There are 2 protein chains.
Amino acid sequence: MPATYREIKADILGRITRGEWRPGSAIPGEAELAAAYGSARATVNRAMRELAEEGILERRRKAGTRVRLSPLREARFAIPPVREEIEARGAAYGYALIESAVLPAPDWLCARLGLPAGARVRHVACLHLADGAPYQHEDRWISLALLPQAAAADFSASGPTEWLIAQIPFSEVEIAIAAAAADPALAARLGCAPGEALLVIERATRWNGAAVTFVRLAHRPGHRMTTRY
Amino acid sequence: MPATYREIKADILGRITRGEWRPGSAIPGEAELAAAYGSARATVNRAMRELAEEGILERRRKAGTRVRLSPLREARFAIPPVREEIEARGAAYGYALIESAVLPAPDWLCARLGLPAGARVRHVACLHLADGAPYQHEDRWISLALLPQAAAADFSASGPTEWLIAQIPFSEVEIAIAAAAADPALAARLGCAPGEALLVIERATRWNGAAVTFVRLAHRPGHRMTTRY
DNA sequence: GAGTGGTCTAGACCACGCC
DNA sequence: GCGTGGTCTAGACCACTCG
């Protein structure tokens, strides 16, 4: 009887699925299960810990472990670079720069990122294409206070995202997903009708608490983000 | 020097943030780091394993550990029961049943869930309210093949979600997020203008491979899903 | 106060994959 | 082949929290 932590995980999950251990009820403690599986407590611990991270179990010291009542589970969406996303669909990636300028940050951006009024930013609007058709519109704002070299960066051949990855090693990110109607300018760029519903992802990136960049990614109509669990 | 796995994690992250260990480059092996931190290899292993799960590091046997080039990171969105979501915003939860019927599954539903043509389903349309105002519209379909008791369930006082949680202990879920324009009927229910862009979440739930339920959740205009990492 | 999970250690064996 | 990560063990101490 090998009893790896994966097997123990699967077994626990099986008992829950089969209804042997019902939502809300307590399940045996680590020590007891370790004895039952004939394994070390650390092994059972890893199995149960991962199930708790996945939202299946709920653990509290002294109180023990129970099956979660409402599966407080979370959906995980991979947010790969657009290029990879497009190529993963078997389409050819294309890129087109639309607008590029250095200017004072608009008020809404200052509010969103906590920038001082009048802070200078690099603004870039560009389009990511799949087999030549518009796939995603990128509206990018980069703080020149933190990344002065962004003023001179050349975004005519490739997008700001790839450039940014090379500049900032690691960062804190805040993501929002919403639906928005296409305004006339955006509709023209994406090749859709004005007012069409678009899936929009906004991402604010900070580095050591200071705002680095903000991006608004608008997808072509009908775009879906999917995941399983 | 305690050197817990959290401290080691933070230290490794710090070295990456500070640029000491650059994206794409290899970092020392577990044994070497364990010696440097004065801790056991298992402790360093946990720190590095979690960083790899979070998409910061990339690990391969024999090849060693490197800092990921493009942070292949994923956004995690909590999908709590609507009631909790509304109450977490400090609003009073309200519920209203709109439609309820037992009928043969429409073609699109059969295709989506892999149901046989003409399979009977329970359909429920209802509204979740925050402080009396429409917050989310729920369009729910339940397979009577798997849950015959759904035909008689009473959804006049509380929604199908809570009822379902008690019926299905654990399940596989497929989630999709998209933007859609409000059709006239939906607009009337949500109290918005027809054609407005809505954030829509669709969830198909299976149990041992068989389709149990499908739900389409349409949020009031302006709704955002947010997360950090 | 006492029980349960959270974590660490020291040692070991193994499997995967570069070379 | 052989080095690196992946995992398991047996034992220990600790911290949180429930009763």
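What you are looking at is a predicted structure, and each value in this text was computed from that prediction instead of being measured. By convention in this document, chain letters (A, B, ...) are assigned in the order of the sequence lines, proteins followed by strands, and residues within each chain are numbered from 1.
Distance from the side chain of B:Glu30 is smallest for D:dG6 among the nucleotides C:dT7, C:dA10, D:dG6. In this structure, the nucleotide among C:dC8, D:dG6, D:dC8 sitting nearest to the side chain of A:Tyr5 is D:dC8.
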Expected rows: protein N/O vs nucleotides 15-19 of chain C N/O, under 3.5 Å:
| from | atom 1 | to | atom 2 | distance (Å) |
| --- | --- | --- | --- | --- |
| C:dA15 | N3 | B:Arg61 | NE | 3.3 |
| C:dC18 | OP1 | B:Arg60 | NE | 2.9 |

Write out a two-atom table: protein N or O, nucleotide N or O from nucleotides 11-13 of chain C, distance below 3.5 Å.
| from | atom 1 | to | atom 2 | distance (Å) |
| --- | --- | --- | --- | --- |
| C:dA12 | N6 | B:Arg41 | NH2 | 3.0 |

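Going from atom CZ of B:Arg66 over to atom P of D:dT4 covers 13 Å, rounded to whole Å. With rounding to whole Å, B:Ile12 atom CD1 is found 11 Å from D:dG5 atom P.
Using a 4.0 Å cut-off between charged nitrogen and carboxylate oxygen, B:Arg59 and B:Glu53 do not count as a salt-bridge pair.
Taking the salt bridge (Lys or Arg N to Asp or Glu O under 4.0 Å) definition, one finds that B:Arg46 meets it with B:Glu50, sequence neighbours left out. By the salt bridge (Lys or Arg N to Asp or Glu O under 4.0 Å) test, B:Glu162 is found to be paired with B:Arg83, residues two or more places apart in sequence or in another chain being considered. Scored by the salt bridge (Lys or Arg N to Asp or Glu O under 4.0 Å) test, B:Arg203 finds no partners at all (sequence neighbours excluded). Under the side chain to side chain donor-acceptor pair (under 3.5 Å) criterion, A:Asn45 pairs with A:Glu30, A:Arg49, not counting sequence neighbours. By the side chain to side chain donor-acceptor pair (under 3.5 Å) test, B:Arg15 pairs with B:Asp11, B:Glu20, sequence neighbours left out. Qualifying salt bridge (Lys or Arg N to Asp or Glu O under 4.0 Å) partners for A:Glu202, counting only residues two or more places apart in sequence or in other chains: A:Arg112, A:Arg216, B:Arg224.
Of the side-chain N and O atoms in A:Asn45, one or more sit less than 4.0 angstrom from OP1 or OP2 of C:dG6. Taking side-chain N and O atoms only, B:Thr65 has a distance below 4.0 Å to OP1 or OP2 of D:dG5. Put simply, A:Arg49 has no side-chain N or O that comes within less than 4.0 Å of OP1 or OP2 on C:dG6. For C:dT9, one of the phosphate oxygens OP1 or OP2 lies less than 4.0 angstrom from a side-chain nitrogen or oxygen of B:Thr43.
Legend: salt bridge (Lys or Arg N to Asp or Glu O under 4.0 Å) pairs involving residues 123-134 of chain B, not counting sequence neighbours: none detected.
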